[in-house]
Every structure is written in C-alpha cells, then in structure tokens.
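Inspection log for the structure reproduced underneath, given as structure tokens.
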Number of protein chains: 2
Amino acid sequence: MTVHLGALSRSRRATKRPLLDVVAEVLLAQPGASLAEVAEFAGISRTTLHKHYATRDELVRAVGQRATEIWEQAVDRVADEPGTKAGLRQLLAAMIESGPQLTFLWRNPALDEDNELTRRYIDVENRCLAVLDRARKEGVLAATTPDWWLLQTLYALVYTAAESIQFGKLAPLDAPDLALSTLLNGLGAPATGAGSGKPDKGESE
Amino acid sequence: MTVHLGALSRSRRATKRPLLDVVAEVLLAQPGASLAEVAEFAGISRTTLHKHYATRDELVRAVGQRATEIWEQAVDRVADEPGTKAGLRQLLAAMIESGPQLTFLWRNPALDEDNELTRRYIDVENRCLAVLDRARKEGVLAATTPDWWLLQTLYALVYTAAESIQFGKLAPLDAPDLALSTLLNGLGAPATGAGSGKPDKGESE
DNA sequence: ACCGAGGTGAACAGTCATGTTCGGAACGGT
DNA sequence: ACCGTTCCGAACATGACTGTTCACCTCGGT
C-alpha cells in the first residue's frame with residue numbers, strides 16, 4: 001500500500017542535507033513508511049540506514065532528539081531578547097523554520113517513552129514559556145491567558161504557518177509576521193479607529 | 001511494540017458508542033495500531049470487526065466518511081446563522097465537539113485517494129468558508145485575511161481546543177468562547193483604557 | 001423448541017517489514 | 001599497490017499483521 005509521497009520524492013532525493021531532516025519529512029508525510037522507503041528518499045541503501053540506526057525505534061528516537069535539539073537552538077537564539085513584539089517575532093520565525101522537525105516531535109506520542117527526550121522536551125518548553133512570560137509582563141501578551149493555552153496556540157500557529165509554507169500558499173518571509181499578527185490580534189476586524197489605522201464600518205455584534 | 005493507549009483504554013472500552021468513533025480515537029492516538037488492538041478497544045473481536053469492514057483500508061475510509069458526515073452536519077447546523085460572533089461561536093462549538101473525527105480526517109493524507117471523500121471534503125470546506133465569508137462581510141472578521149489562512153487558523157484552533165479538552169486542561173463548555181476569542185482577538189494584551197482605542201506605551205517594533 | 005442473526009475463538013496461509021549477514025565495489029590516504 | 005572505511009546489493013530467518021474460514025455459542029423472536 002504505497003501512498004505517494006508526491007512532491008517530496010524527486011526534488012529532495014540525493015541532496016546532501018542532514019539525513020535526519022529527510023527522515024523527519026518522510027516520516028511526517030507517511031508515518032507508516034517502511035525503512036526501505038525512508039532509505040530511498042534519503043538517497044541511501046537500507047543496509048546503510050541500518051548501519052547508522054540499528055532499529056526503526058532508534059531511528060525515530062534519533063529524529064526526535066534532533067528535533068528537540070533544533071528547538072532548543074531556536075529558543076536559545078531568542079532567549080536574550082526582551083519580551084517585545086520583535087522578540088516574539090523572532091521566536092516564531094525560528095520555530096516556523098523548523099516546522100517539520102517540531103511537527104514530527106509534537107505528533108509522535110511514542111517519543112514519550114524516551115525519558116531523556118521527555119526531560120529535554122519539558123525543559124525547552126519551559127524556556128519557551130519563559131520567553132512568552134516576559135512578553136506578558138511587558139504588556140505585549142494578555143496577562144490572563146493560561147500558560148497551556150498560550151503555548152498550545154503558539155504551537156498551532158507555528159504548525160499552520162509551516163504547513164502553509166510547505167504547500168506553497170505562504171511565502172516564508174511573510175510567515176513570521178502573519179503568525180505574530182494572528183497570535184496577538186487574531187483575525188477579527190480591527191477595532192474602528194484603533195492604533196493600526198483602519199477606518200472601518202461600524203461595530204457589529 | 002505495543003505503545004500504551006493510556007487514558008483511552010479502560011474508560012472508553014465496552015461502552016456502546018458508535019464503533020467508528022472509537023476507531024477514530026484509537027487510530028488517532030496510535031496510527032499504527034493493529035486491527036487486533038483496534039477491535040479490543042472497541043470492545044469487539046477482531047473477527048467481528050473484519051465482518052463489518054473487510055479490510056483495514058475499508059475501515060479507515062469508513063472512519064473518514066463518518067468524520068466528513070459529522071463535519072457536514074456541524075456546518076449545516078450553523079448554515080443559516082447570520083455571520084455574527086454568535087454564529088461563529090456555534091460553528092466553533094460544533095467543530096470542537098467533533099474534534100477527534102475532524103483531526104483524524106485532517107491527518108490522514110491517505111484518505112485523499114478516495115475520490116468521493118475528497119469531493120465531499122472540498123464541498124464541506126467551501127460551505128465552511130461561506131460561513132466565514134458572511135462573518136467577514138458583517139465586519140466580524142478582518143476583510144483582508146486570505147481564505148486559506150482563515151480556514152487553516154480555524155482548523156488549528158479547533159484542533160487545539162479539542163486536544164486541550166481531551167487532556168483535561170480545558171472545560172468543554174469553556175472551549176467555544178476561548179477559541180472564538182482567540183480567533184477574533186488573539187492573545188495580545190487588550191487595548192488599554194478606551195473601549196477599543198490603543199493609546200499604548202511606546203510601540204516596540 | 002426452533003431458528004436465524006450476530007458474535008466469538010481458534011486456526012491457517014500469505015504477505016510484508018525487519019534485522020542481520022556476507023561478499024564485493026568504490027574511494028581516499030599512505 | 002595496499003588498506004581501511006564506507007557503501008552497496010542480495011539473500012535469509014523471523015516475526016507481525018492481515019484476511020479468511022469454520023465450528024460454536026447466545027440471544028431474541030416465533
């Protein structure tokens with residue numbers, strides 16, 4: 001039951017990107033892909049793949065580890081930023097850029113089995129939250145939003161933006177701004193006469 | 001390689017809910033679950049499961065069909081609503097309620113193979129969009145947001161809310177309002193002082 | 001008491017992914 | 001020219017899941 005991996009197939013193959021990145025994408029598009037398929041799309045033989053990662057489980061965990069690593073670096077890059085809109089924008093940009101890896105991480109409950117990975121996950125999530133908290137204290141984010149909802153919404157927007165980019169609907173350079181604006185202001189009609197200048201028709205509830 | 005389905009297992013088992021609903025949840029938590037596992041969590045024998053749906057593919061497609069059906073009904077229920085906040089709230093409520101089914105639908109690229117299902121999917125998505133469009137014309141939603149971003153954001157919020165409910169973080173009755181508020185206003189700090197104006201501290205970007 | 005519908009457990013053949021082994025090719029360094 | 005490393009293709013044993021069959025049970029209706 002080979003489901004086509006469509007757009008992925010030819011373009012990415014045989015390029016010299018980090019192996020685990022390719023694996024993450026394949027396994028994301030086709031969670032049930034066989035190791036033979038994964039190897040093919042990575043441009044190596046199944047034997048070689050097995051030599052690097054003895055079992056499928058080991059491979060999946062390696063991808064998870066790398067995804068976490070990438071996330072950690074993304075958060076680190078904005079750790080010193082003040083809690084401003086610009087800081088948030090940078091966090092979003094960094095996370096959206098790593099969209100596939102993060103999505104892989106978020107979508108694989110099986111990774112929870114790995115204790116060290118779970119520890120690092122919780123850790124980086126907390127650091128992520130710390131950034132958001134700073135923005136909250138700066139008055140950029142609403143003070144009343146619960147932590148978990150803030151985080152989940154952030155994840156959701158990162159995921160959506162990354163997916164839109166992959167589908168070609170969204171220009172990579174537009175993504176951070178769009179996501180940030182949606183996160184902060186939502187998609188409701190701007191308040192009439194408000195700061196962002198949009199003289200509109202009357203309020204309409 | 002049995003990964004535990006944790007919270008799902010005992011509580012739901014053997015209850016008399018529609019079979020396909022249980023299947024959707026199991027297959028969502030554990031996409032690689034064997035039919036034996038699926039049957040067990042549905043509280044029936046594998047033989048019986050096979051009698052209803054001859055092959056795994058057929059089962060998956062049936063779940064997809066049902067998910068689409070549920071979505072159609074949810075949209076139908078608000079099709080006559082005017083494009084007000086209340087109307088949007090109802091759409092969100094209906095969709096969040098069907099969270100697991102919709103998530104299953106959104107996450108299974110394999111379902112695209114089914115032409116009829118794809119047709120119905122596109123159709124209900126368009127009707128969904130029509131509801132949003134009406135809200136846009138009423139000035140509830142920003143006029144400038146592209147259709148696809150609006151839809152994707154809606155999906156993201158529905159998914160996030162449903163997941164939060166499943167994790168016990170969010171009370172089902174609170175979900176629609178939280179999602180609606182996030183969709184319309186985002187999570188930024190509310191405008192200070194005036195009703196909707198924004199005489200704020202220095203802009204930070 | 002009979003009967004049919006729907007459910008069950010046991011068993012079986014077929015298929016496929018997995019993990020492993022091995023002989024050999026290619027390549028770079030010495 | 002030699003050697004170690006790395007990759008490769010082929011082949012194999014194993015195990016898991018699948019789909020199917022069959023004999024049996026257990027109800028509810030007649």
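Atoms considered below: every heavy atom in the structure, side chains included; atoms not considered: hydrogens, waters and symmetry mates. Here is the naming used below: chain letters follow the sequence lines, and residue numbers restart at 1 for every chain.
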| field | Pairs meeting criterion salt bridge (charged side-chain N to carboxylate O under 4.0 Å, His left out) with involvement of residues 156-171 of chain B, two or more places apart | value | none
| said: Measuring to OP1 and OP2 of dG7(C), would you say a side-chain N or O of T48(B) lies under 4.0 angstrom away? | reply: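 For dG7(C), neither OP1 nor OP2 has a side-chain N or O of T48(B) closer than 4.0 Å.
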| query | Quick one: is dC7(D) close enough that its OP1 or OP2 comes under 4.0 Å of any side-chain N or O from H52(A)? | reply | yes
| message | Suppose the criterion is side chain to side chain donor-acceptor pair (under 3.5 Å): which pairs have a residue in residues 171-190 of chain B, not counting sequence neighbours? | response |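 Matches after skipping sequence neighbours: W149(A)-T182(B), R89(B)-D177(B).
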Without decimals, in angstroms, what is the distance between [X] [atom1] and [N] [atom2]?
{"X": "E40(B)", "N": "dG9(C)", "atom1": "CD", "atom2": "P", "value": "11 Å"}
{"X": "Y53(A)", "N": "dC7(D)", "atom1": "OH", "atom2": "C1'", "value": "16 Å"}
{"X": "I44(B)", "N": "dG9(C)", "atom1": "CD1", "atom2": "C1'", "value": "14 Å"}

| field | Listed nucleotide nearest any side-chain atom of S34(A), set dT8(C), dA17(C), dC8(D) | value | dA17(C)
Please tabulate, one pair per line, all N/O donor-acceptor pairs under 3.5 Å involving side-chain atoms of residues 92-105 of chain A, not counting sequence neighbours.
unit_1	atom_1	unit_2	atom_2	d
S98(A)	OG	A94(A)	O	3.1
Q101(A)	NE2	D21(A)	OD1	3.1
T103(A)	OG1	G99(A)	O	2.7

| field | Partners passing side-chain contact (heavy atoms from CB on, under 4.5 Å) against A54(A) (at least two apart in sequence or in another chain) | value | E58(A)
| field | Set of residues satisfying side chain to side chain donor-acceptor pair (under 3.5 Å) with respect to D114(B), sequence neighbours excluded | value |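 None.
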| remark: Walking DNA chain C from its 5' end, the first of L49(B) and A36(A) to be reached, judged by nearest nucleotide, is L49(B)
Under 3.5 Å between N/O atoms: give me all the protein pairs with nucleotides 19-29 of chain C, atom names plus distance.
unit_1	atom_1	unit_2	atom_2	d
dG19(C)	OP2	R56(A)	N	3.1
dG19(C)	N7	R46(A)	NH1	3.0
dG19(C)	O6	R46(A)	NH2	2.9

| Single hit among V63(A), L35(A), V60(A), L19(A) for side chain to side chain contact (heavy atoms under 4.5 Å, CB included) with Y53(A) | L19(A)
